[in-house]
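Since the structure comes first, as structure tokens, the remarks are kept for the end.
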Amino acid sequence: MRFNQAFIYTLREDPREAEITSHKLLLKAGMILKLASGIYTYLPLGFRVIEKINKIVSEEMDRIGAIRLLMPSVQPKELWEESGRWKEYGKELLRIKDRNDRDFVIGPTHEEVVVDVARHFVRSYKDLPLTLYQIQTKFRDEIRPRFGLMRGREFIMKDAYSFGKDEKDLEKSFNDMFNAYCRIFKRCGLKSRAVEADTGLIGGKGSLEFMVPSSVGEDEIVCCNRCSYAANIEKAESRVEIPRARPEQSIKEVYTPKKKTVEEVSQFLNVRREEIVKTLIYKGERRFYAFLVRGCDELNIVKAKRAVGETELRPPSEKELKDMGLHLGFLGPVGLKEKDIYVLGDNLIKDMKWCVTGANKEDFHLEGVKIGRDFSVDMYTDLRRVKEGENCPVCNGKLSILRGIELGHVFKLEDKYSRKMNGYFLDEKGKKRYYVMGCYGIGIGRTAQAVVEMHHDEKGIIWPLTVAPYDVEIISLTDKDYANLLHDELEKEDIEVLLDDRKESPGVKFADCDLIGIPIRIVLGKYLEQGKAEVSLRKDREKRFLISKHEVVGFVKNLKRELIKEIENG
RNA sequence: CGGGGUGUAGCGCAGCCUGGUAGCGCACCUGCUUUGGGAGCAGGGAGUCGGAGGUUCAAAUCCUCUCACCCCGACCA
């Protein structure tokens with residue numbers, strides 16, 4: 001490909017809309033163009049990267065026997081009513097009407113459609129297990145699109161769905177998929193890490209996310225320094241030393257004027273934060289809940305939601321609090337039952353013999369409160385957010401918290417959708433049974449951007465060869481004829497080559513080459529008089545090779561092979 | 001949805017406070033020169049000043065409303 005034909009337009013200045021490096025670079029290098037918030041055109045260069053990733057993904061899917069198809073992105077409401085998600089999904093689901101006023105959705109995911117496909121054809125246990133996948137554009141009306149392709153509203157996703165006879169089939173498909181994902185991210189030049197995760201809206205039991213550690217990641221992951229334990233903060237657990245408690249006392253009301261925060265109360269009453277029980281009131285779809293955690297802990301809202309089976313929890317309004325006779329800053333568990341509030345306690349408060357709580361009365365707290373005697377808890381569970389430095393729940397090692405970009409997610413769905421949508425088959429005994437399903441996603445665009453985030457320098461992108469838009473860029477400074485010849489020869493050898501044939505100064509060509517990030521560069525310039533071309537790598541410009549004209553093609557072929565091997569060996 | 005910010009040529013910005021009919025750099029077009037790290041000279045094209053309404057002899061500039069986009073938070077496979 002010649003630059004003049006390639007539709008490449010780079011930006012000289014930083015685009016104002018971008019904040020993080022990978023987003024800036026994708027825009028500057030002319031890889032993507034924004035059309036609306038969270039909606040992007042993949043320009044020719046960016047699209048080549050997408051296609052490279054798609055190819056790696058489909059090769060790995062094919063390797064584990066998954067079958068590719070393509071499902072519609074516009075889907076009828078009826079299907080979503082069958083699964084119950086027409087009601088559940090909320091505003092993120094883009095709903096549209098056709099000319100006859102019939103309701104449709106733009107697919108944010110394809111469980112419904114794929115079950116519909118399977119149930120049309122798969123009636124016998126002999127057809128199982130089966131895994132179907134597609135690579136397709138999806139739409140989720142995200143509340144806040146951000147960081148370019150990192151969190152778009154329209155985005156390309158590989159989604160796969162496995163259908164099995166039983167748990168054993170599911171286990172096998174799940175493991176195959178897990179291994180495929182490891183290979184995919186490795187081949188893209190990324191160091192991914194699988195972490196335990198909350199299953200969220202899609203539901204089901206087992207769930208692992210594939211994360212790439214990065215400071216710009218939107219998720220927090222908890223990792224053990226000793227064993228392989230790793231979990232999304234939403235799900236993570238830990239072991240905590242519980243300090244020795246004070247002896248039991250009788251309950252006593254104390255005057256605490258304007259002391260609203262745990263910190264203030266702790267200082268004013270001279271008690272440790274661990275001795276205070278913090279009461280957080282939330283309103284769900286069904287009722288009000290009180291979540292009790294130690295004063296030194298924070299409530300993990302995802303765990304809270306899971307515990308009460310609510311999809312949404314919001315803090316009560318001032319009026320709602322007032323109506324219940326409660327005061328922000330002086331909330332406490334004593335007497336909440338009478339107000340018909342469901343009380344949940346974090347596991348760590350269960351054995352407290354003595355604590356300080358709000359008195360549910362302006363400017364007063366209670367001391368010497370004892371659980372069971374002074375108030376009761378409807379349910380104990382893990383509600384707290386894990387903190388850096390706590391102990392690993394598996395091996396007691398130290399936990400650290402880092403940020404990560406979620407690139408893939410594998411779920412065990414079991415029969416959640418097949419049951420609701422009557423997706424069944426007949427087993428060996430002719431008995432009707434529901435598909436045991438798994439679902440597996442990879443964000444393609446997000447993966448592309450994560451690669452940029454991990455591989456760049458101050459000059460631009462440094463594509464790993466496996467996902468680079470081109471393998472080689474030729475910068476021709478003198479001899480046009482030879483440049484053209486070399487270009488054609490390389491193409492003949494299946495080397496993807498970009499020849500910069502623009503009438504630009506050398507500086508511009510070098511700068512663009514570094515910005516766009518093609519892994520191998522061939523400069524045809526002053527050494528051409530000696531019959532030599534100059535070959536260098538984007539990742540290390542210090543190393544340069546002067547290669548005789550007739551050996552260039554062979555040399556580059558070798559180089560490409562080596563670069564690929566390097567990536568695949570990690 | 002709450003808080004903050006920005007909309008002026010393809011991109012990045014100045015002009016707005018103090019109203020007088022739009023400017024800079026880059027990019028683009030033409031010509032000549034230049035050619036190993038974002039070239040020089042000369043000439044040129046390009047803007048409903050986000051939109052609507054209002055105030056005024058006169059609005060990019062002042063007022064009201066509105067839309068879009070960005071950031072933080074809430075939220076989210």
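So that the names make sense, note that chain A is the first sequence line, chain B the second, and so on, each numbered from 1. Just so we're clear, the structure is a prediction, and the values are computed from it rather than from any experiment.
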Review point. How does protein contact run along nucleotides 4-11 of chain B, one letter per nucleotide 5' to 3', with B for base contact, S for sugar-phosphate only, - for none, heavy atoms under 4.0 Å?
Key: --S----B
Practice item. Summarise protein proximity over nucleotides 41-46 of chain B in one line of letters, 5' to 3': B for base, S for sugar-phosphate only, - for none, counting protein heavy atoms closer than 4.0 Å. Key: ------
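Ranking B:C75, B:A39, B:G37 by closeness to the A:Val508 side chain, first place goes to B:A39.
Nucleic acid contact class of A:Lys28 (heavy atoms, under 4.0 Å, all strands): none. In this structure, A:Arg151 reaches the bases: a heavy-atom distance under 4.0 Å links it to at least one base atom across the strands shown. Looking at heavy-atom distances under 4.0 Å, A:Lys509 makes no contact with the nucleic acid at all. Within 4.0 Å of A:Phe155, counting heavy atoms only, lies at least one base atom of the nucleic acid.
Atoms OG1 and CD, on A:Thr109 and A:Glu92 in that order, are 11.0 Å from each other to the nearest 0.5 Å.
For the side chain to side chain contact (heavy atoms under 4.5 Å, CB included) test, residues two or more places apart in sequence or in another chain that qualify with A:Pro316 are A:Ile281, A:Phe288, A:Glu320, A:Leu321. Applying the salt bridge (Lys or Arg N to Asp or Glu O under 4.0 Å) test to A:Asp346 and every residue at least two apart in sequence or in another chain returns nothing.
For residues 522-534 of chain A, proximity to RNA chain B is found at A:Val523, A:Gly525, A:Lys526, A:Tyr527, A:Glu534, defined as any non-hydrogen atom under 4.0 angstrom from a strand atom.
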Would you mind writing out the side-chain donor-acceptor pairs for residues 19-29 of chain A within the sub-3.5 Å range, not counting sequence neighbours?
residue: A:Ser22; atom: OG; partner: A:Gln449; partner atom: NE2; Å: 3.0
residue: A:Ser22; atom: OG; partner: A:Glu453; partner atom: OE1; Å: 2.5
residue: A:His23; atom: ND1; partner: A:Gly148; partner atom: N; Å: 3.4
residue: A:His23; atom: NE2; partner: A:Tyr40; partner atom: OH; Å: 3.3
residue: A:Lys28; atom: NZ; partner: A:Asp14; partner atom: OD1; Å: 3.1

